[in-house]
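Just below is one structure, and these are the notes that go with it.
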Amino acid sequence: ASARALVETGEGDLWIGTDRGIAILSDGQLRAFANPDLPDEAVRTFLAAGNGDIWIGTDFGVARWSGSSLSHLMAAELRQVPVWAIAEDHEGGIHFGTSGRGLVSYSPSAFTQISAETFGLRTVWSIAQDELGQTWFGMEGGLMKLGQAGLEDLSKIAGLEKSSVRFMHPDAAGQLVLGTRDGVSRLSPAGVLTPLPTLPASPVREVRSIAHTAAGRLVIATNETGAFIEKNGVLQPFLQRTSLGDELYDVFVDSKDRIWFAGAEGLTILAGDRLIVHDRSTGLPDEFILGVAEDSYGTVWVATHGGGLAR
């Protein structure tokens, strides 16, 4: 099975979403989560909400785990629809980014749908909230903001009509950083993008993940041009690009400030000045790595494509 999503519950259990359902790691024991109320076996994303609920996005709808029971949400707005992103705002509202149905919001017991037509039938890839409480939606072909003035389409102003906002990340100062098909930019509350400069002949394309180190330096993983690290305000190619490959899916900075790069050619860890490369020869069940996460005990988990989970 391919591990696509990871989340840790308040009790310290690790939930693993795969294309064949959910597995739960509890007290060192791995068990399958078998429940007829799960809308679909293909799990795309999780959200651990502030009240302790676990929201589950699948290829066929949404479910919510309350701590003791699972509820398949049968609201028409989310029924039989792929859910790619879930986020919680400062007021406890839950927002679902879908493919084909636009945005659906839940707060606290009723659903509100912003139709796919409002989003121009564009897939919502990412959802984030800025320091002012405005909610941003990164889409295939644009960017929209939900603030006091309502929903605003800033795609044209931001110059993103022909791009794709796949990832949004709050930097060390709390400012949102956008990863797009064409590069990385910082986003102002008004929707103005400031592109991060790159070196000549070193373009940043097809951003898939963004993180930052303890010192506040941005680290970028792309699906086409490898990895980049911010140095003196400039995104520079990771020097060990040959060991990483160009097709990356995640970058993660752990509690020890180690940088983990996950991609189609294995797992690479930068620990200080030391580079550690993992593949099948070092025990990885599969060299195609989709994601990395750390639990509250400091254990780092690696999600693979076809080989399950490793640590």
Side-chain angles (χ1 to χ4, degrees), residues 5-8 45 47-48 85 87-88 90 125-136 138 143 158 165-189 192-199 202-241 244 248-263 267-276 289-296 298-303:
L6 301 171
V7 71
E8 186 178 12
T45 186
L47 170 72
E88 183 177 18
H90 294 167
W125 289 117
S126 53
I127 305 173
Q129 194 167 45
D130 64 21
E131 64 270 27
L132 299 182
Q134 301 175 127
T135 304
W136 295 84
L143 179 71
V165 182
R166 293 295 294 262
F167 201 88
M168 293 189 284
H169 171 79
D171 66 13
Q175 186 175 11
L176 286 181
V177 180
L178 270 60
T180 75
R181 182 177 294 141
D182 309 300
V184 177
S185 300
R186 281 191 164 87
L187 176 69
S188 77
V192 177
L193 292 182
T194 303
L196 271 69
T198 60
L199 294 180
S202 297
V204 178
R205 296 198 185 102
E206 297 292 349
V207 176
R208 287 295 181 270
S209 183
I210 305 172
H212 66 267
T213 67
R217 291 199 303 169
L218 292 174
V219 190
I220 314 297
T222 80
N223 200 229
E224 185 176 310
T225 53
F228 295 80
I229 297 180
E230 184 183 22
K231 296 180 180 179
N232 299 318
V234 178
L235 292 180
Q236 302 186 23
F238 188 62
L239 295 179
Q240 302 293 334
R241 179 174 173 181
L244 292 174
L248 301 178
Y249 290 89
D250 196 18
V251 59
F252 178 77
V253 179
D254 67 18
S255 57
K256 298 179 181 178
D257 209 32
R258 297 175 299 185
I259 304 173
W260 300 63
F261 296 100
L267 180 70
T268 302
I269 307 168
L270 179 63
D273 295 328
R274 191 163 63 105
L275 197 68
I276 306 166
I289 310 300
L290 292 172
V292 182
E294 183 177 16
D295 64 26
S296 57
T299 302
V300 176
W301 298 88
V302 179

- Message: Within the structure provided, determine whether I259 and F238 are in side-chain contact (heavy-atom separation under 4.5 Å).
- Response: no
- Query: Any side-chain heavy atom of D130 sitting closer than 4.5 Å to one from L187?
  - Reply: no
_Step-by-step salt bridge (charged side-chain N to carboxylate O under 4.0 Å, His left out) determination, E230 to R217_ = CA-CA 5 Å; E230 184 183 22; R217 291 199 303 169; over 6 Å; no
Tightest non-hydrogen contact, residues A262 and G291, listed as CB-N, 4.4 Å
Scanning both residues in full, the closest heavy-atom pair of I127 with A87 reads CG2-CB, 3.6 Å
Heavy atoms of W136 and P189 approach each other most closely as CZ2-O, 3.5 Å
**Request:** Taking the side chain as every heavy atom from C-beta outward, state whether V300 and K256 have any atom pair closer than 4.5 Å.
**Result:** no
Is there side-chain contact between V184 and V177, with heavy atoms separated by less than 4.5 Å? yes
Applying side-chain contact (heavy atoms from CB on, under 4.5 Å) to V219 and T213, what does each step give before you reach the verdict?
CA-CA 7 Å; V219 190; T213 67; 3.8 Å; yes
Heavy-atom closest pair (V7 atom, A48 atom, distance to 0.1 Å) is CG2-CB, 3.7 Å
Here the gap from L235 atom CG to I220 atom CD1, rounded to the nearest 0.5 Å, amounts to 5.5 Å
Legend entry - Candidate pair V234 and L196, rule side-chain contact (heavy atoms from CB on, under 4.5 Å), full reasoning: CA-CA 6 Å; V234 178; L196 271 69; over 6 Å; no
- Message: Between F228 and V251, does the side-chain contact (heavy atoms from CB on, under 4.5 Å) criterion hold? Intermediate values first, please.
- Response: CA-CA 10 Å; F228 295 80; V251 59; over 6 Å; no
V207 and I210 have their tightest heavy-atom pair at CG1-CG1, 4.0 Å
Result for side chain to side chain donor-acceptor pair (under 3.5 Å) between W260 and one of T268, D254, D250 points to D254
* Worked verdict on S255 versus E294 for side-chain hydrogen bond (donor to acceptor under 3.5 Å, both in side chains) -> CA-CA 8 Å; S255 57; E294 183 177 16; 2.6 Å; yes
Taken to the nearest 0.5 Å, the spacing of I289 CD1 from L248 CG works out to 11.5 Å
L176 vs D171 side-chain heavy atoms within contact, under 4.5 Å: no
dist L270:CG -> I276:CD1 (nearest 0.5 Å) comes out at 9.0 Å
- Message: Does either side chain, that of E8 or that of S296, offer a donor lying less than 3.5 Å from an acceptor on the other one?
- Response: yes
In plain terms, say whether R205 and D182 are close enough for a salt bridge, that is, a side-chain N and a carboxylate O under 4.0 Å apart. no
Is it the case that the side chain of E88 and the backbone of L47 share a donor-acceptor pair, with hydrogens and angles ignored and the cut-off at 3.5 Å? no
Which of R166, M168, H169 passes side chain to side chain contact (heavy atoms under 4.5 Å, CB included) with S126? It is M168
Hey, are the side chains of P170 and Q175 touching, using non-hydrogen atoms and a 4.5 Å cut-off?
no
Note: S185 and P195 closest approach over all heavy atoms is OG-CA, 3.3 Å
Does any part of the side chain of I269, heavy atoms only, come nearer than 4.5 Å to the side chain of L275, both counted from C-beta? no
Does a side-chain heavy-atom distance below 4.5 Å link V302 with L267? yes
- Assess the pair F252 and F261: is the distance between their ring centroids shorter than 6.0 Å? no
Check your understanding: Would you find a donor on one side and an acceptor on the other, under 3.5 Å apart, between the side chain of N223 and the backbone of E206?
Key -> no
